[in-house]
Amino acid sequence: MEHTEFNNDLLQFLNASPTPWHAVNSMKERLEASGFERLDERDEWTLEQGKSYYAIRNGSSIIAFRTGKKGAENSGIRMVGAHTDSPCLKVKPNPEVRRKGYFQLGVEVYGGVLLNPWFDRDLSLAGRVTVLDENGKVQDVLIDFKKPVAIIPSLAIHLDREANSNRSVNAQTDLPPLLMQASETETFSDLLKEQIAIESGLKASKVLGYELSFYDAQDAALVGLREDFLASARLDNLLSCYIGLQSLLDTSGDQAALLVCNDHEEVGSVSAEGAQGPFLGEVLERWCGAGKGRAIARSMMISADNAHGVHPNFMDKHDENHGPILNQGPVIKVNHNQRYATNSRSAALYRHISDELGLPHQTFVVRSDMGCGSTIGPLTAANLGVTTLDIGVPQFAMHSIRELIGVQDGFTLYQVLKEFMQREEVL
């Protein structure tokens, strides 16, 4: 895969993946097109050497792996981890708000959302809906309106003279998006049933539940006078999901390699399908059996989650020796208080592979007077006891409705992870 092809395909993946369920479905389609076989956790598994498999939990987390030709307990597993969720506004269970003839939906803030950029954006709606069909069967369906269906209008500055100097956002009262002007008889459930019929032809007799998110309807795009940058929603962390997926798909298959993309990282990862849950450990147990401990001792995990690039307008927010620059390489993330799982050995291996390929890399350490965020790396390392590296593509506007990366860095990380996932020796 070449650089231009990589970024063009990335744009398509981002546009097709407005929610974790859609992202996993996109990955599933690509895996199956490459010959990966789906495993059902309810069934007994019979795995073969040199084969490729994947498993999905809750529709929002996925693990894909190649068993390799030597056996995982003998060669170890080259693991890459990412997460499928992004901060957003999720629709509440009883969301309808009617005021002055306007139809709005109440929303719950999911994760650490940067709220101000959500105002005055064209918003669409997508997610998973559970329905009772016309035959009395309970079914899950994915929906995506794919067009602007809502907006959160700002209050005019004439009515809030301090908006530019002292504006705060009340998540309960300021955020309900405006969908339409509607009569008292129109309901949100009716709207969902109409959309399900349009997208899938399924006639739903009743909506039983849903997990729906608003998202920016503007497509991902290359931006800048020379197209140095790529702007999109959900770059944190669908970018890493895409990089990990393409790396796994393009490996030779000789070495045992695995990609895990967990849901719920943005809210702490404590769930059945999150990184603090049992999903990855149970898949490894069923794959490796009694040899799991030996396999892990020979394995390494690279946790890929975006890093903070040094913002030219806010350079004082970084340690002066650790300010990653966009388009100058992926960022090795270090925190000796274990907010990142990187150690000197795992960082050295990445640097070694990157140097062999003639590719750039950078290092991030948070300012000593600021708190450090975390990701799935330390959680996975603690759960499995596997040597782990935390790395990420540098970006701006993390957790905004529209984020920004350099067009070079994702492809650079892809090249290194592809080599890592087919390398004979890692430890």
Side-chain angles (χ1 to χ4, degrees), residues 7-26 60 82-92 95 104-128 142-155 167 169 171 174-180 191-192 195 199 210-224 227 229-242 263 265-267 305-306 309 311 326 393 395-407 410:
N7 280 319
N8 287 339
D9 193 48
L10 170 60
L11 293 174
Q12 293 182 34
F13 177 79
L14 292 167
N15 292 335
S17 307
T19 73
W21 296 275
H22 289 84
V24 167
N25 192 60
S26 296
S60 61
H83 64 87
T84 59
D85 61 322
S86 301
C88 63
L89 303 181
K90 296 206 170 193
V91 181
K92 290 182 175 180
Q104 297 171 273
L105 294 179
V107 291
E108 180 180 5
V109 175
Y110 177 85
V113 181
L114 193 60
L115 291 175
N116 281 306
W118 281 78
F119 288 83
D120 307 317
R121 301 288 301 189
D122 295 345
L123 302 179
S124 193
L125 188 64
R128 180 175 68 177
L142 297 185
I143 66 167
D144 180 5
F145 283 81
K146 293 184 180 178
K147 64 179 182 180
V149 298
I151 194 166
I152 308 172
S154 291
L155 181 64
R167 184 188 184 191
V169 178
D174 296 347
L175 292 181
L178 175 64
L179 273 72
M180 59 183 176
L191 296 175
L192 293 180
Q195 184 64 24
E199 290 193 39
Y210 54 76
E211 294 175 76
L212 297 168
S213 306
F214 284 101
Y215 71 92
D216 187 359
Q218 184 177 359
D219 281 348
L222 301 178
V223 300
E227 295 189 338
F229 312 111
L230 189 154
S232 176
R234 304 175 302 281
L235 286 171
D236 175 19
N237 190 29
L238 292 187
L239 172 63
S240 299
C241 292
Y242 176 80
D263 196 0
E265 188 274 346
E266 298 292 358
V267 291
D305 198 357
N306 296 359
H311 195 304
L326 271 60
V393 167
Q395 74 163 87
F396 294 153
M398 189 176 290
H399 290 194
S400 176
I401 194 170
R402 196 162 178 87
E403 301 168 322
L404 192 74
I405 60 169
V407 294

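What you see below is based on every heavy atom in this structure, not just the backbone, and it leaves out hydrogens, waters and symmetry mates. Since the structure is predicted, the reported quantities are computational estimates derived from the model, not experimental observations. Along the sequence shown, residues carry numbers from 1.
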Minimum side-chain heavy-atom gap Met180-Leu191 below 4.5 Å:
yes
Is the backbone N or O of Ser17 less than 3.5 Å from a side-chain atom of Arg234, with the two atoms forming a donor-acceptor pair by type?
yes
Can you tell me how far CG of Leu89 sits from OH of Tyr215, rounded to the nearest 0.5 angstrom?
14.0 Å
Worked check of salt bridge (charged side-chain N to carboxylate O under 4.0 Å, His left out) between Glu211 and Arg128:
CA-CA 5 Å; Glu211 294 175 76; Arg128 180 175 68 177; 2.8 Å; yes
List the steps and the verdict of side-chain contact (heavy atoms from CB on, under 4.5 Å) for Phe119 and Leu175.
CA-CA 8 Å; Phe119 288 83; Leu175 292 181; 3.9 Å; yes
Test item: Thr19 and Leu142 side chains (from C-beta on) under 4.5 Å apart, heavy atoms
no
Could you tell me if the side chain of Thr84 sits less than 4.5 Å from the side chain of Cys241, heavy atoms only?
yes
Has the side chain of Asn7 got a donor or acceptor atom that lies under 3.5 Å from a matching backbone atom of Val407?
yes
Looking at Ala126 and His22, what are the two nearest heavy atoms and their distance?
CB-CE1, 3.9 Å
Start with the C-alpha gap between Asp263 and Val24, add the side-chain angles, then the distance that decides, and say whether side-chain contact (heavy atoms from CB on, under 4.5 Å) holds.
CA-CA 10 Å; Asp263 196 0; Val24 167; over 6 Å; no
Measure the shortest side-chain to side-chain distance between Phe229 and Phe396 over non-hydrogen atoms and say whether it is less than 4.5 angstrom.
no
Nearest heavy atoms of Ala23 and Phe13, plus distance in Å:
O-CE1, 4.2 Å
Starting from the C-alpha separation in whole Å, work towards a yes-or-no answer on side-chain contact (heavy atoms from CB on, under 4.5 Å) for Asp236 and His83.
CA-CA 8 Å; Asp236 175 19; His83 64 87; 3.3 Å; yes
Picking from Leu10, Leu14, Asp305, what satisfies side chain to side chain contact (heavy atoms under 4.5 Å, CB included) with Leu239?
Leu10
Side-chain contact test, heavy atoms from C-beta onward, threshold under 4.5 Å: evaluate it for Asp120 versus Ile152 and give yes or no.
no
Enter the distance from Gln195:CD to Phe145:CZ here, rounded to the nearest 0.5 Å.
4.0 Å
Would you check, one step at a time, whether the test side-chain contact (heavy atoms from CB on, under 4.5 Å) holds for Leu123 with Ile151?
CA-CA 6 Å; Leu123 302 179; Ile151 194 166; 5.6 Å; no
So do the side chains of Tyr210 and Ile143 get within less than 4.5 Å of each other, counting heavy atoms only?
no
CZ of Arg121 to OG of Ser154, rounded to nearest 0.5 Å, is 11.5 Å
Tell me whether the count of non-hydrogen atoms from other residues, nucleotides or ligands lying under 6.0 Å of NZ in Lys90 goes above 12.
yes
Check: Asn237 and Glu265 side chains under 4.5 Å, non-hydrogen atoms:
no
Rounded to the nearest 0.5 Å, how far does CG of Leu404 lie from NE2 of His311?
9.0 Å
Do any N or O atoms from the side chain of Ser60 and from the backbone of Trp21 form a donor-acceptor pair under 3.5 angstrom?
no
Tell me whether Gln395 contacts the main-chain N or O of Leu235 through its side chain, where contact means a donor paired with an acceptor under 3.5 Å.
no
Taking all non-hydrogen atoms of both residues, which atom of Ile401 and which atom of Pro117 are closest, and how far apart?
CG2-O, 3.4 Å
Look up atom CG in Asp216 and atom SG in Cys88, then write down how far apart they are to the nearest 0.5 Å.
12.5 Å
Would you please name every residue forming a side-chain hydrogen bond (donor to acceptor under 3.5 Å, both in side chains) with Asn8, sequence neighbours left out?
none
Donor-acceptor under 3.5 Å (Asn15 side chain, Ala220 main chain)
yes
Test side-chain hydrogen bond (donor to acceptor under 3.5 Å, both in side chains) applied to Lys92 - qualifying residues, sequence neighbours left out
Gln172
Under the 3.5 angstrom rule, does the side chain of Glu199 hit a backbone N or O of Asp144 as a donor-acceptor pair?
yes
Would you say Leu212 and Leu105 make side-chain contact, with heavy atoms under 4.5 Å?
no
Do the side chain of Ser124 and the main chain of Ala217 share a donor and acceptor less than 3.5 angstrom apart?
no
